[in-house]
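One structure is given below, encoded as structure tokens.
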2 protein chains.
Amino acid sequence: MKLTDAEWQIMNCLWARYPATARGIAERLPKEVEWAYTTIKTLLARLVEKGAVKENKKGNTSLYEPVLSKQNARRNALKMLANQAFDGAFGPLMHFLIEDEKLTESQKNDLLKAIQKQDRKEKSK
Amino acid sequence: MKLTDAEWQIMNCLWARYPATARGIAERLPKEVEWAYTTIKTLLARLVEKGAVKENKKGNTSLYEPVLSKQNARRNALKMLANQAFDGAFGPLMHFLIEDEKLTESQKNDLLKAIQKQDRKEKSK
DNA sequence: TGACATCTTCTACATCTGTAGTAGAATGCT
DNA sequence: AGCATTCTACTACAGATGTAGAAGATGTCA
């Protein structure tokens, strides 16, 4: 499932708080995003159609909530990026991040710790 | 500069070998990609238009070569993904990769080494 | 020099995306 | 009950994208 830029905005709002009404989403979108209410409704309708969001009518108002989880969306997005731009593998992608982005000392430590933590978890299985 | 999916295919070919003719690119695209010759030309024209590729006429045939580097394209793509899906920062993105993707032992070692190498390089500056 | 092969440039067109207006239904307030 | 507010459903429309055909220009080989 591929999300468009505009759809990510909506999903990010939804993941942050749901169920949510279109109105509520409108209020919680980043301030730079100034969409007409109906724009949001259109995007939500498209998301429902593609199965990323579920819609529940309460009275005359729809409540929306994510079906696609943030984690899966992220996984998909990374996978697609890896395929498209990093020879299909995460390794090169991570190397690129490590080598290209200037990591601060603490970010590095952070990562080292994260990797080691995973490592322990793995071993204790 | 944002590349579309189809444009990435072309750029990946071009980065792998350039200057290249449209015909040459056609031959080196992954076998699953079966585009008409003119499709490739259209995409190249669009890439030239957006300044990602340079075109040089040799006789009646065009030679193409990248202007946008692979490194920059990757950087941009990652930045956009981070903005869209990872709260705008690389940290969460890397954490996600480390925690979500099952890394093999050797991949982990590999990363640890890469991080440490960066670290030394940093310190020796 | 003529017939083919190959290039290039234009044009085309369906689908997807971003963005929103209109109109009718439901709800709420007085 | 009547008017204002707010929803939803439907329609619209321009620009981006994927994909390619048509036709004319150029090169090539016998």
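In what follows, chains carry the letters A, B, and so on, assigned in the order in which the sequence lines appear, proteins first and then strands, with residues in each chain numbered from 1. Because the structure is a prediction, the values reported are computed rather than measured.
Here the C1' atom of nucleotide D:dA16 and the CE atom of B:M1 are 16 Å apart, to the nearest Å. As rounded to whole Å, 11 Å separates atom P of D:dT17 from atom CD of B:E49. To the nearest angstrom, P of C:dG18 lies 7 Å from CD of A:E7. Protein atom CH2 of B:W8 is 17 Å distant from nucleotide atom C1' of D:dT17, rounded to whole Å. Regarding B:I10, its CD1 atom lies at a distance of 14 Å from the P atom of D:dT17, rounded to whole Å. The CD-C1' distance, from B:Q9 to D:dT17, rounds to 14 Å in whole Å. Between B:M11 atom CE and D:dT17 atom C1' there is a gap of 17 Å when expressed in whole angstrom units. The CH2-C1' distance, from A:W35 to C:dT19, rounds to 9 Å in whole Å.
Within 6.0 Å of NZ on B:K58 lie no more than 12 heavy atoms contributed by other residues, nucleotides or ligands. Environment of CZ in A:R17: sparse, with no more than 12 heavy atoms of neighbouring residues, nucleotides or ligands closer than 6.0 Å. The local environment of NZ in B:K113 is sparse, with at most 12 non-hydrogen atoms from other residues, nucleotides or ligands closer than 6.0 Å.
Listed by chain and number, the residues in a side chain to side chain contact (heavy atoms under 4.5 Å, CB included) with A:D87 are B:R74 (sequence neighbours excluded).
In terms of polar N and O atoms assigned as donor or acceptor, the side chain of A:T39 never comes within less than 3.5 Å of the base of C:dG18 in a complementary pairing.
The phosphate of C:dA26 (OP1 or OP2) has no side-chain N or O of A:K58 nearer than 4.0 angstrom. Regarding contacts with the backbone of C:dT27, every side-chain N or O of A:T61 stays at 4.0 angstrom or more from both OP1 and OP2. Contact annotation: B:R23 side-chain N/O to C:dC7 OP1/OP2 distance is under 4.0 Å. Of the side-chain N and O atoms in A:R46, none sit less than 4.0 angstrom from OP1 or OP2 of C:dT17. Look at A:Y37 and you'll find a side-chain N or O under 4.0 angstrom from OP1 or OP2 of D:dT8.
The residue B:K41 sits close to a base: some heavy atom pair falls under 4.0 Å.
If you chain together hydrophobic residues whose side chains sit under 4.5 Å apart, B:L81 and A:M11 never meet in one group.
The side chain of A:A6 lies closest to C:dG18 when the candidates are D:dT19, C:dG18, D:dT6. Among the nucleotides D:dT19, D:dT8, C:dA26, the one closest to any side-chain atom of B:T42 is D:dT19.
Nearer to the 5' terminus of DNA chain D, by closest-nucleotide assignment, is the contact made by B:K2 (compared with the other of B:T38 and B:K2). Residue order along DNA chain C, read from the 5' end via each residue's closest nucleotide, puts A:E34 first among A:E34 and A:N60.
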